[in-house]
Every structure is written in C-alpha cells, then in structure tokens.
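In what follows, a structure is listed as structure tokens, so that the remarks can point back to it.
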Amino acid sequence: MSAAQATADATGRPTIQVYNSLTRSKAPLEPVTPGHVGIYLCGPTVYDKAHIGHMVGPVIFDTIKRYLTYCGYQVTWVVNVTDVDDKLIKRSAERGISMSQLAEEMTQDYLDNLAGMGVDGIDHMPKATESMDAIIAFTAGLIDKGFAYEVEGDVFFDVAKDPQYGKLTNRSVDELQGEGGGAAAKKRSAADFALWKAAKQGEPAWESPWGAGRPGWHIECSAMSKLLLGETFDIHGGGLDLVFPHHENEVAQSECLHGAPMAKVWMHNGLLRASAAAGKVGGRAEREAGEAGDQGAADDAGADIAAATAQKMSRSKGAGGLADQIAKFGGEKIRFCLLRTHYRSTVLFGEEALEESGTGLETFYRFFKRFERVTGGSFYELAPATTRAAGAFDAGDDALLATVADCRQRFLAAMDDDFNTGSAIGDLFELVRTLNKFVDQENLEGAGKSDAAKLATLTQGATTLRELAGILGLFRAPVDAGGGASDELVGKLMELFIELRTAARKNKDFAMADKIRDDLANLGVTLEDRPDGTDWTIG
RNA sequence: GGCGCCGUAGGCAAGUGGCUAAGCCAGCGGAUUGCAAAUCCGCCAUCAUCGGUUCGAAUCCGAUCGGCGCCUCCA
C-alpha cells in the first residue's frame with residue numbers, strides 16, 4: 001500500500017479514504033475493477049434469533065453501499081448465511097427439529113430484522129449448505145497444494161505451511177491455543193483449524209472425498225466469496241470480534257490457495273456495549289456475569305449455561321429480541337442510533353441512547369410537517385438526486401442555497417473520510433436548522449406564504465436534505481405516528497377539543513384554554529398553537 | 001502473559017499538527033407566544049495526568065492512571 005494520493009479516478013468518482021484493518025491505516029479505495037466494488041460481509045450463524053449486535057454490520061454496509069452507489073460505483077454486496085455448524089446441530093437437537101428447519105426459522109428472523117432496519121441492498125445471501133461443491137473443491141485444493149491434511153475424515157489447515165499466518169492480527173502461531181475438543185489430538189499444531197469435520201452418527205452430513213462430513217466454520221466464507229466476488233475482491237467486512245480467528249483463518253485459506261490477496265481492504269465495525277452495564281451486548285462479559293450468578297457450574301458445561309443465561313439476562317434488561325426492539329422503538333431510531341457513532345467505535349447501546357436518538361429525530365420529523373404546512377407538498381415525495389454528480393447545484397447568489405451547498409459539501413467530505421456518519425449527521429442537523437431559520441425569517445408560515453420563489457428555494461433545500469439523509473438510509477418513508485393517532489374517533493374528539501379551546505381563547509378565557517391543554521398534556525397529547533390553527537401530537 | 005483499542009463539556013459524540021474544538025441530549029438567558037409548545041438567537045469544554053518533540057499539539061513520542069476488546073464460540 002503506497003501513500004494516499006487523493007485523486008479522483010478518470011471517471012470523476014471521488015476519492016474515498018477507507019481504514020484497512022490489515023494495514024491499520026487509511027488509504028484511498030481503489031477497486032480491483034475500476035468503477036465496481038465487491039463487498040463481502042460475514043453474516044450470521046443462524047442458530048438463534050438475531051440481536052441488535054448482528055445489525056451493526058448490515059446497517060453500516062448498507063450505508064456504505066448507498067454511498068458508493070451514489071458516488072457512481074457499481075456495488076455487489078454479499079452477506080453469507082452460515083447454516084451448518086456445531087451450534088446449529090446442538091440447538092436443533094435440543095429443540096427436536098432438523099437443522100435445516102432451525103436454520104430456516106432463524107434466517108427468516110434475520111431477514112425480517114434487516115427489513116425492519118431498512119437494510120435492502122444485499123445482492124447475494126449465499127448459504128453454506130447450498131455451496132457444498134465450492135467448499136469441498138476449496139478444501140481439496142488446499143490439500144493438493146499441501147496447505148491442508150486429512151486425518152480420519154477430518155481435514156485441517158496446516159498453519160505451519162503459511163508463513164503469513166497471523167498477519168491480520170499480529171499473532172505468532174506458537175502463542176495460540178487453538179480450538180480444543182476431540183479433534184485437538186489429531187492436529188499437527190494446536191493452531192491448525194478444521195476445514196472439514198467428519199460426521200458423527202446422526203449428524204447432518206455431505207459426501208466428500210474424505211467421507212461424510214460438514215465444513216468447518218471459516219471455509220464457507222472463503223469458498224463463497226470466491227464464487228461470487230472472485231479470488232481478490234475489494235472489501236471484506238465484519239465485526240471486530242471476527243478478526244480472530246475467523247478472518248485470520250479466511251485470509252490464510254484463500255491466499256494460500258490462490259496465491260493472491262483475498263481482499264484489498266478489511267473493514268471491521270466496533271462492537272456494541274449495553275449502556276446500562278459493562279460488557280458488549282450478548283458478549284462474554286454477560287456470559288461471565290451469568291456464570292458467576294450461576295455459581296458452581298461445571299467448567300465443561302459452562303458454555304451451555306452461559307449462553308442460556310446471556311439470553312435470559314438480555315431479556316431481563318429489557319433488551320428482548322431484536323424484533324421486539326424494532327417494534328418498540330422503530331427501525332429508523334435504531335438505525336439512527338447506530339449511525340450517530342463512527343462505525344469503528346464501540347457504540348453504547350441502550351434505552352437511554354435510543355430515547356435520545358428519538359428526540360433528535362423529532363427535530364427532522366417536525367420539520368417535515370412544517371415543510372408540508374408551508375409548501376403543501378410532502379417531504380417524502382420530493383425526488384432528490386440519486387447521484388453525487390446530479391446533486392451538485394449552483395447556489396448563485398442565494399444565501400440559503402449557499403449554506404445548503406456548504407452543508408452538503410461537509411456531509412460528503414465526512415463520508416469520503418472513512419464513512420464518518422457521525423460527523424455527517426451533524427451536518428444534517430445544521431441543514432435542518434438552516435431551513436427552519438429560513439422559514440422563520442421569511443415568515444413562510446404567515447405573510448410570506450405566497451412567495452413562490454421563496455417556496456421553491458425552501459423546496460430545493462429540503463430536497464438536498466432528503467438526498468443526503470437517503471444516503472444514510474434515513475427518512476425514506478414516513479414513520480408510523482403510532483399511539484392510536486390514526487384512530488378516527490380520536491381525531492374527531494381532538495377536533496372537538498381544539499374547537500372548544502379555540503373558542504375559549506377567542507373569549508380570552510385562558511383559564512379554560514389552559515386547562516384543556518394541560519389535561520390533554522397529562523394524557524400525552526401535545527397541542528401547538530400556530531397562526532393558522534392548532535396542531536396536536538400524541539407522545 | 002501476548003496483540004490491539006479507547007479516555008474531548010453534566011451525558012453522548014465529531015475532530016488525529018495551525019482560523020473562534022462540529023453536532024445531539026440536558027441546563028440557563030433571550031426573541032416569539034395571552035401563557036405554552038415548536039422554531040430561532042445566545043451562553044455552557046483548553047481536550048485523563050505528567051513529561052518530551054515542534055515556531056505551533058486534543059491531534060506526534062514516552063510514562064502514569066483509568067476503561068475496553070481479542071488471544072476459545074461470537075456481528
């Protein structure tokens with residue numbers, strides 16, 4: 001990797017700096033094929049319901065794909081589903097269903113949650129069980145080249161044959177413990193890892209040159225990324241917790257087989273931490289806390305108990321399943337909350353953080369209503385530019401548009417710098433404030449309402465806001481008002497109350513007017529008096 | 001023990017060598033309002049500590065204190 005040279009490519013695409021875990025530095029994104037970007041994100045092992053932590057990667061990469069597409073790249077985004085694994089076997093046995101049934105159920109849960117979070121840019125979701133040929137061929141290739149060996153139906157990667165092993169996480173082979181279990185004795189080195197596992201009686205199995213068995217954990221990603229993106233692709237992503245051993249093993253496998261780099265850039269997102277407690281959500285800290293509370297658990301049974309306790313504890317903290325959280329808070333609020341912090345940082349996640357995100361979002365929602373009041377058109381029906389080139393505009397000598405253009409410029413600069421969504425959101429707030437100020441100053445809700453030129457200017461500003469927010473996957477559709485606001489009777493009753501109160505105000509009977517407003521406030525209904533009438537909201 | 005990350009206002013969080021240290025939440029003052037709400041304006045940080053490099057550091061280096069991750073399954 002040579003020094004960063006900030007030059008746009010020949011087609012005028014902007015230079016985007018990306019932090020590479022492999023080099024621990026930022027460098028300009030230079031795709032293998034100019035104009036195309038292939039992204040592989042490690043998806044879930046579908047043995048249990050998704051929790052919020054599983055959404056961090058999808059949300060940030062969904063945003064990255066939107067941004068790259070906006071910038072003129074053609075993006076192919078792959079997220080795998082690992083649907084065969086020891087944990088699936090164990091869990092399905094416990095539940096008395098087949099592994100594929102379990103996988104199907106949990107995959108559906110995952111897909112539902114992705115939809116709830118507004119993640120819709122995934123191009124391929126390959127499943128390990130549907131990629132067996134590729135996995136077996138990959139494994140066989142490694143044996144042929146001498147990087148792997150077979151022992152009684154198991155196949156292991158021979159770490160000693162790869163001088164580069166450990167380069168991603170700066171580890172030396174002899175310091176590694178390696179995976180334990182019954183297979184440990186068969187391995188040449190403790191750090192060797194399974195590419196293929198011989199099936200025990202009753203376990204799901206696929207035929208292979210080494211007998212009936214199933215893939216090890218890491219091989220499916222190497223095989224499927226090769227299948228869909230090629231031997232060398234542009235970006236490989238995943239949570240920070242996957243760097244070792246998962247990604248370390250992936251690079252080893254792929255680069256030994258291909259003799260070429262696996263990914264040009266490795267991107268790792270930070271992990272979530274529960275804001276109310278120590279430790280990442282669903283992580284080891286919770287498990288250990290669980291074990292501590294479950295004192296006396298035998299060591300070898302610890303993992304089972306710990307996993308169960310971690311779940312229970314999450315629920316008892318009000319975290320619940322992700323689906324419940326999306327239902328309770330709304331996907332947009334969660335997405336906004338995740339995007340407020342840079343993707344490489346640890347995100348504090350909890351109800352307080354979500355509430356605060358909600359308060360911030362209200363500023364935008366209120367502006368959208370205001371925009372509709374002023375222009376008569378819906379913010380959500382504005383048709384913004386879908387490309388960076390098309391979104392650029394000449395502000396002329398218009399002060400408002402000059403400020404809008406400035407916000408847009410800063411937003412894009414932030415995104416160009418390793419997808420700094422936190423900074424970009426700050427620019428969005430400045431933009432909405434600028435637009436509000438404009439409405440205030442030009443009195444567009446009052447006397448200025450008929451000034452078509454001003455309304456057009458405001459509309460252009462709002463369109464830019466929509467353009468930029470759309471990159472983050474925000475404000476793409478109206479959020480449900482919720483809380484029964486759509487109830488027809490409630491609407492009629494509110495009309496009645498407002499009418500009575502308006503009459504009271506006309507008669508200067510402010511005691512009565514305030515009583516109505518205060519009593520409604522106690523019921524959770526807020527009234528807002530405006531020159532042209534009274535608005536009400538629930539919540 | 002090994003590898004790595006982080007410590008910016010009451011809370012959250014941008015900023016990684018140089019204009020007045022983004023933005024959000026909370027608070028305070030003001031405009032507006034019959035009063036509110038909403039909106040707008042203003043106020044609120046010298047960047048964990050110490051030392052060093054530099055004309056100049058939150059930003060680089062070292063030490064110390066504190067928090068965290070990985071080294072075993074984990075997004």
Side-chain angles (χ1 to χ4, degrees), chain A residues 21 24 26 41-45 47-48 50-60 79 85-87 166 169-172 175-181 191 217 237-246 248 268-273 275 278-285 287 303 306-307 310 336-337 340-342 344-348 352-353 355-363 366-367 369-370 410 414 417 420-430 432-441 445 505 508-511 513-514 517-518 521 526-531 534-537:
Chain A
S21 300
R24 282 177 215 97
K26 282 184 209 170
L41 174 69
C42 284
T45 299
Y47 73 104
D48 202 348
H51 62 76
I52 182 66
H54 294 275
M55 292 296 119
V56 180
V59 166
I60 181 65
V79 179
D85 159 276
D86 292 358
K87 290 195 292 289
T169 47
N170 194 18
R171 269 160 234 252
S172 65
E175 284 168 354
L176 298 173
Q177 301 290 314
E179 49 185 354
W217 175 33
L240 213 42
D241 53 347
L242 290 184
V243 186
F244 191 92
H246 189 54
E248 193 72 79
H268 291 100
N269 59 265
L271 306 179
L272 254 33
R273 288 185 61 196
S275 53
K280 64 187 180 184
V281 176
R284 187 208 253 166
R287 293 182 192 179
F336 183 77
C337 187
R340 284 204 319 168
T341 306
H342 185 87
R344 277 192 282 119
S345 304
T346 302
V347 179
L348 248 35
E352 313 93 284
E355 302 288 356
E356 208 178 296
S357 296
T359 310
L361 281 174
E362 286 298 332
T363 300
R366 275 194 231 97
F367 171 74
K369 282 196 201 166
R370 194 180 198 193
R410 288 205 306 272
D417 184 11
N420 193 336
T421 55
S423 184
I425 284 175
D427 298 319
L428 249 32
F429 274 105
E430 295 215 25
V432 77
R433 190 181 65 218
T434 300
L435 298 178
N436 266 321
K437 194 195 294 190
F438 184 72
V439 175
D440 281 357
Q441 285 174 346
E445 290 197 88
R505 290 175 70 209
K508 306 271 187 208
D509 182 0
F510 296 121
D514 290 349
R517 187 174 61 201
D518 292 346
T526 308
L527 296 187
E528 297 181 26
D529 295 328
R530 296 209 173 73
T534 298
D535 232 25
W536 62 276
T537 47

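All figures in this text were calculated on a predicted structure; none of them were measured in a lab. Residue numbers start from 1 in every chain, and the chains themselves are labelled A, B, ... in the order their sequence lines are given, proteins ahead of strands.
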Just by distance, do the side chain of A:Thr359 and the backbone of A:Glu355 share a donor-acceptor pair under 3.5 Å? yes

Report yes if a side-chain nitrogen or oxygen of A:Lys437 is closer than 4.0 Å to either non-bridging phosphate oxygen (OP1 or OP2) of B:U39; otherwise report no. no

Students often get this wrong, so: under 4.0 angstrom with heavy atoms, is A:Phe244 touching a base, only sugar-phosphate, or nothing? sugar-phosphate

Can you check the A:Met55 CE to B:A75 P distance for me, whole Å? 11 Å

Convert the base pairs of RNA chain B into dot-bracket notation, remembering that pairs crossing earlier ones are written with [ ] and that bases paired across to another strand are shown as |; include only Watson-Crick or G-U pairs under 3.5 Å. ((((((((.[[[..)..(....]]].(((((.......)))))....[[[[[..)....]]]]])))))))....

Find the distance A:Arg530:CZ to B:U33:P and express it as a whole number of Å. 15 Å

Is any side-chain N of the basic residue among A:Asp514 and A:Arg517 closer than 4.0 Å to the acidic one's carboxylate O? yes

Would you please confirm or rule out a distance under 4.0 Å between OP1 or OP2 of B:A37 and any side-chain N or O of A:Arg517? no

Quick one: is B:A75 close enough that its OP1 or OP2 comes under 4.0 Å of any side-chain N or O from A:Asn269? no

Base, sugar-phosphate alone, or nothing: which one does A:Gly43 contact when heavy atoms must sit under 4.0 Å apart? sugar-phosphate

Heavy atoms only, 4.0 Å cut-off, all strands: where does A:Arg171 land among base, sugar-phosphate and nothing? base

Can you measure A:Glu248 atom CD to B:G2 atom P for me and round it to whole angstrom units? 19 Å

At under 4.0 Å between heavy atoms, what does A:Leu176 touch on the DNA or RNA strands: base, sugar-phosphate, or nothing? sugar-phosphate

Please list, chain by chain and in numerical order, all residues satisfying side-chain hydrogen bond (donor to acceptor under 3.5 Å, both in side chains) with A:Asp427, sequence neighbours excluded. A:Arg410

Would you give a per-nucleotide map of nucleotides 9-22 of chain B, 5' to 3', where B means the base has a protein non-hydrogen atom under 4.0 Å away, S means only the sugar-phosphate does, and - means neither? --BSSSS------B

Whole-angstrom distance between B:A75 and B:A63, as gauged at atom C1': 36 Å

Exactly one of A:Thr341, A:Leu348, A:Val347 clears side chain to side chain contact (heavy atoms under 4.5 Å, CB included) with A:Leu272, and that residue is A:Val347

Between A:Arg366 and B:A37, does any side-chain N or O lie under 4.0 Å from OP1 or OP2? no

Which listed nucleotide (B:A37, B:A75, B:G34) is nearest to the side chain of A:Glu528? B:A37

